[in-house]
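Have a look at the structure below, then the notes.
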Amino acid sequence: MSGRTWSRIGLILAFSPFLIFCVMFELIPTVALLIGSVGGIQKHSLEWIAKVFTNATFQRSSRQSLRLAITSSLLGALIGTAIGYALTRTRHGRIRGPLIGLASLSANAGGISLGFAFITILGSAGMITILLRQFGIDLMSFFSIYSVIGLIVVYLYFQVPLMIVLMLPAFAALKDDWSEASASLGGTGRDFWRRIGIPVLMPSVIAGTVLLFASSMGAYATAQALIGSRINLMTIQISILRRGEILYQPAQADAMATVLLAIVALSVLAYHIMQRSAQRWTNT
Amino acid sequence: MSVMSDAPAVLATQKPENVREETGRGREIGFLILFAIFAGYTLIPLVGVGLFSVATTWFDTVLPVGYTLDHITETLNDPLFVPTVGRSIIASLATIAVSVALMTPVMFLIHVAAPRASPLVEFLSLLPFALPTIVLALSLIRTYSAPPIVLSGTPTLLILAYVVTGLPFMYRALDNSLRAIDTTTLNEASVTLGASRWTTLRRVILPNIRTGIAAGALLVFSVTFGEFTLSSFIVGDAWKTSGVWTVAIWDDQPHKTTVMVMIGFAISWIISLIILVGFSKRATVETGQR
């Protein structure tokens, strides 16, 4: 350290705007939400939290949200890992760069724009819907963009590229030397994957999957643009309860938001833990 | 830790695999099919929305019957275009200003003077990732709609909410650039030469991390411009942003919506390309606001 070190008070003063901001706009609001979900400090009750799990409508919303998040994260993880592997191993080096660029761009996509974009291709007058009709396939008879399956197709638009960019460092960490070492010790290709490849990749795969899960559990704008309130999801339900067009129940909205927050926060925590163990390989 | 990949740099140095050359052909074809599907899946929605924004009539043909620029001029001339887009730009720029002012000194300090505070700053900066946007909206409204501080419904609260969602992006961008320039050595050199701390920050550190600040600012702009969830909950129609307007006109004027969507895509793509190509090989990818 240099001759003039920072005094304790100087440091506290320098840090205080940031800390005050975080306390005021991250911590206090979160605590206020938790208090709101039990109906305030004076007459607190767990009835609203309990209702999230017992009321039929709310049950259905969490079931649909979980179905959507689990399916889209598993599919996104599977496809993203496959493409990540293909990008690492392909001999066509020249298409690698543009595709990685494309993946980084679309991993950030989402929100209302994405919802509207998909309506123009897969809605009832969408480009692909009509194209398929010319081949005699009636897409609308078995698929609707305004359904949970439709939302899965839309969410995969950002899930797959997000998984790709998460997996690329993990695949890059899988050194060629290791497969050569394994082979020279008499290991087969299968041995390599079972003993080395999969154990090295697994933390990254799990980390990626839970992050995709969290991102689709919490997604609201994309779904709102696409389906309005036609599908009962947790985020949509929260907005209905809060806006009060049909029923205004702020405490119930807070309770639902608290449950959603718990699910997403735990997933993000799990992601960080898995990512830390993955860094054992990716940081070398 | 970070949702970050320096894959382009890593992959470029990787040797092409020649061990299993002969068995690789079928696999390579499989790879190419996979790439084609991925590229198509990524680009077709953009083509669809792009065509819709310039289509005359288009409901029972694969491609539009005719093309026109009328929707674009109508959108740009709509009496609500300038106010809504203007508000979004104001909100985004204010967010950038607050974020930079709030985070730069703190990030500088955890690199030179108070490394022990680093985990706390990291935790507080990355916390918004664990907060779904709608949850953040609800919790802010609940906190600031009753005394002592009433901000609900004001652009101020919207901007502060944007600052919260931008924290992880600013943190990553600043952390990367402060790491890259060996801040500790620069700081010590400057202080040894007799510069004050303020002069050091302003004349030595800031010019060196300008690209990092710019990258963070661009990322913040791209997540806040056209944002829907926070603005619809916090300000709604009282201070209509471009995101809220885009959704509101969908039922009556879908072509205008698609023009706005194209503008939004164009902005975020241009920003991502600037960061990807212009700043560094590191592509910071985060889960944005959905």
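Note on naming: letters A, B, ... go to the chains in the order of the sequence lines (proteins, then strands), and numbering restarts at 1 for each one.
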Heavy-atom contact with chain B under 4.5 Å, split by part of [X]:
| X | answer |
| --- | --- |
| A:Ile273 | neither |
| A:Val31 | neither |
| A:Leu33 | both |
| A:Leu122 | neither |
| A:Ser239 | both |
| A:Pro250 | both |
| A:Leu19 | side chain |
| A:Met24 | both |
| A:Leu156 | both |
| A:Ile164 | side chain |
| A:Leu27 | side chain |
| A:Ala214 | neither |
| A:Tyr157 | both |
| A:Ala183 | neither |

Do [X] and [Y] touch side chain to side chain, with heavy atoms closer than 4.5 Å?
| X | Y | result |
| --- | --- | --- |
| B:Phe52 | A:Ile119 | no |
| A:Gln224 | B:Thr229 | no |
| B:Leu102 | A:Pro17 | yes |
| A:Phe116 | B:Pro254 | no |
| B:Thr257 | A:Ile112 | no |
| B:Thr133 | A:Tyr220 | no |
| A:Phe18 | B:Pro105 | no |
| B:Pro132 | A:Leu261 | yes |

Contact winner vs chain A - B:Gly50, B:Ala130, B:Ser222, heavy-atom pairs under 4.5 Å: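 Ranked by contacts with chain A, first place is B:Ala130.
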Flag the pair B:Tyr144 / A:Phe25 as yes when their ring centroid distance falls below 6.0 Å, and as no otherwise.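 Ring-ring flag for B:Tyr144/A:Phe25: true, centres closer than 6.0 Å.
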For [X], is it the side chain, the backbone, both or neither that has a heavy atom under 4.5 Å from a heavy atom of chain A?
| X | value |
| --- | --- |
| B:Tyr41 | both |
| B:Ile134 | side chain |
| B:Leu120 | side chain |
| B:Thr258 | side chain |
| B:Ile271 | neither |

Using every non-hydrogen atom in the two residues, find where [X] and [Y] come nearest and quote the distance to one decimal.
| X | Y | result |
| --- | --- | --- |
| B:Ala113 | A:Leu11 | CB-CD2, 4.2 Å |
| A:Arg89 | B:Glu28 | O-OE1, 4.3 Å |
| A:Ser106 | B:Thr42 | OG-CG2, 3.4 Å |

Hey, is the main chain of B:Leu127 close enough, under 3.5 Å, to the side chain of A:Glu26 for a donor-acceptor pair?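 Not at all, since once roles are kept as given, no pair shorter than 3.5 Å links the two residues.
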With distance as the sole criterion, is a donor-acceptor pair present between the side chains of A:Arg243 and B:Ser232 under 3.5 Å?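 Yes.
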Matching residue for A:Phe21 among B:Val106, B:Leu124, B:Val164 - test: side-chain contact (heavy atoms from CB on, under 4.5 Å):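 Output: one option passes, namely B:Val164.
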Atom CH2 in B:Trp269, atom CG in A:Leu102: separation rounded to 0.5 Å?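 Rounded to the nearest 0.5 Å, the CH2-CG separation comes to 5.0 Å.
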Residues in ring pair (Phe, Tyr, Trp, His ring centres under 6.0 Å) with B:Phe35, at least two apart?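 For B:Phe35 there are no ring pair (Phe, Tyr, Trp, His ring centres under 6.0 Å) partners, ignoring immediate neighbours.
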